[in-house]
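Everything on this sheet refers to the single structure shown next.
Every chain is numbered from 1, with letters handed out A, B, ... down the list of sequences.
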There are 2 protein chains.
Amino acid sequence: MKKLIVSCIIVLAAAFAGMAQQAKPDFSKITLVIHGGAGTITRASMTPEKERAYQEALNLALQTGFEILKKGGSSLDAVEASVRMMEDSPLFNAGKGAVFTNDGTIELDAAIMDGKTRHAGTIAGVTNIKNPVSGARAVMEQSEHVMMIGRGAEKFAQEKGLEIVDPAYFRTETRYQQLQRLKDKEKTGLDHSGGSGSTEPIFIEGNKFGTVGAVALDAFGNLAAATSTGGMTNKRYGRVGDVPVLGAGTYADNNTCAVSATGHGEYIIRSVVAHDIAALMEYKKYPVKKAAEEVVLKKLVARGGEGGVIALDRNGNFAMPFNSAGMYRGYIKNGKREVAIYKE
Amino acid sequence: MKKLIVSCIIVLAAAFAGMAQQAKPDFSKITLVIHGGAGTITRASMTPEKERAYQEALNLALQTGFEILKKGGSSLDAVEASVRMMEDSPLFNAGKGAVFTNDGTIELDAAIMDGKTRHAGTIAGVTNIKNPVSGARAVMEQSEHVMMIGRGAEKFAQEKGLEIVDPAYFRTETRYQQLQRLKDKEKTGLDHSGGSGSTEPIFIEGNKFGTVGAVALDAFGNLAAATSTGGMTNKRYGRVGDVPVLGAGTYADNNTCAVSATGHGEYIIRSVVAHDIAALMEYKKYPVKKAAEEVVLKKLVARGGEGGVIALDRNGNFAMPFNSAGMYRGYIKNGKREVAIYKE
């Protein structure tokens, strides 16, 4: 009997503690930061129409995610919603409008991580899940696993009721032409640049590029990160980049930060970029901006890796460093919303 | 002309420096450390015959890799050779003798990293590459990529002349029976334990388990790490564990350490275990033993993750911490060779 009473008290105390936590949302710090890919993005290669189209898409993604945060929704819901918007836009190299592999297929990778629980889900090499980021979330929440690949991941998503599409859904003519040009050159091009060795940026020719990602802080102090991509144009052999490699392209931990990366995936993997930023905060007590800049502007540059990150800490401090010509990016916080493309 | 002379002097100086480096191998520190998997390995569940078989296999793997180091070979060659020996042995859950998926197939993952260059290669979900660790090395050395998955990775390995086998080569009867028992229980079992919820360790029934890995320091002061696995028995949906997730199950950097992990892959991924050990050394100046123990015996335990690592620094200091009942492991250094299975 005594045991039962003690148990009841513990349960009630836990319930009240939970309610107290639920009841004290702090909306002053809620923040959402997104990116739509880093690379050779210059004013010279852009038209006013294109610029406007990207700005609109970025604003829409920000608005969509922030509405969730404003209503007291979770950072996890916010990053998923923002990334879905960008997956659905043909402008970015994720979901619809993703780049083609050498075989003429489209193979998608995505990841999501919850900073509160440090749970995560990633998928790689999927061809028919309409929103890969939601596939990653299903792996996180509805399986005991973290990473699933290929047909297995597709089967899982289907069983969990996610929207499955004909692979043709992802196809855009501009991406297909981009593949043909790259094949002609027999070169492997980065998803976000004019292709290695290309003097004429493919971008000028009307092609679009860009891995997408989002990091968010909700009113309950929880961080989350999500990233989604089609990888490199003309990629072969089931190549997978940094996105589904947890700690490289995506990472979130309430104790440090939420990070989503974009750029030359191989360098980002080898430098374990996202976790390295978190480690600098945890072990050297760097603020988030200093940590992100140290990794992206110093370490990654020294190693020859092109790219950028968005990184956000638990107090709403954030950074968007990139070492490439440009990075589609934006944030929304304290009633202020900004999107940018080039180095300012 | 002046420019030419200066150039010549620079070239000659570089050549001499290179020769000097080549000419001064330091054999006093060469070290090789291996593991054959961590999990519920207890004296009570072992027979003298089985114990001897594992000890012999571990000794053979150590001997094979160390011969390379003794002759002035690279740490990369040493870890690859040691892991290949264990892949070829039906005793371990890697290569021949790997565990079965729910579909009755065998899907293998492997990774290798060079601490000198921080280059790396990983493969996941391959079914016909006889030695997956060599497939990972081919990705590292013969492609611009770090990670390849599924049929693409297999195609690449074939094109590069690696040994391709009929998937039936990997099959062992004991593993197949293990799958049947797990399927009967409708549970997903860890590759290295008796299966979640099982009170009777499968090991007792004569099954074998164990991800394999090696870390080495060569006479030129270079570190390398390699890991190979069949993952979890009864795994579904193209599940991939920590092994091919660089920074989680495998990492090497001359500035810090070489690490290979084994255990419950999902926890190892979410904690970015291998890179976290390196980060503690880089940012908090922890010695390798303290760093490895901090991550495996404290952080991983607090998060409920079962497993172990082998970690080695540039001076030949190493650690083999694990938080499970046992870990197949061994090292060879300064004429001393030791293998162990249980907690001592």
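Proximity to chain A (any heavy atom under 4.5 Å) is shown, for Leu280(B), by both the backbone and the side chain. Heavy atoms of Ala124(B) lying under 4.5 Å from chain A belong to its backbone as well as its side chain. Of the two parts of Glu107(B), neither the backbone nor the side chain holds a non-hydrogen atom closer than 4.5 Å to a non-hydrogen atom of chain A. For Glu282(B), the part lying under 4.5 angstrom from a heavy atom of chain A is the side chain only. Proximity to chain A (any heavy atom under 4.5 Å) is restricted, for Thr117(B), to the backbone atoms N, CA, C and O.
The stretch residues 292-304 of chain B places Lys299(B), Arg303(B) near chain A, each with some heavy atom under 4.5 Å from a heavy atom of that chain.
Between chain A and the options Ile149(B), Asp253(B), Asp242(B), the largest number of non-hydrogen pairs under 4.5 Å is found for Ile149(B). Counting heavy-atom pairs closer than 4.5 Å to chain B, the top residue among Glu154(A), Met113(A), Glu159(A), His119(A) is His119(A). Top candidate by heavy-atom pairs under 4.5 Å with chain B, chosen from Ala279(A), Ala157(A), Ala278(A), Gly241(A), is Ala279(A).
Scanning all heavy atoms of the two residues, the minimum distance from Val245(A) to Met147(B) falls at CG2-SD, 3.9 Å.
If you take NE2 on His145(A) and CZ on Arg236(B), they are separated by 8.0 Å, rounding to the nearest 0.5 Å. Between Leu246(A) atom CG and Leu246(B) atom CG the span is 12.5 Å, to the nearest 0.5 Å. To the nearest 0.5 Å, atom CD of residue Glu266(A) and atom CE of residue Met140(B) are 14.0 Å apart.
Legend: ring-ring contact (aromatic ring centres under 6.0 Å, His included) pairs involving residues 232-253 of chain B, not counting sequence neighbours, sorted by first then second residue: Phe156(A)-Tyr237(B), Tyr251(B)-His275(B).
For the pair Arg118(A) (side chain) and Arg270(B) (backbone), a donor-acceptor distance under 3.5 Å is absent.
Within 6.0 Å of atom CD in Glu141(A), more than 12 heavy atoms from other residues, nucleotides or ligands are found, so the atom counts as buried in its surroundings.
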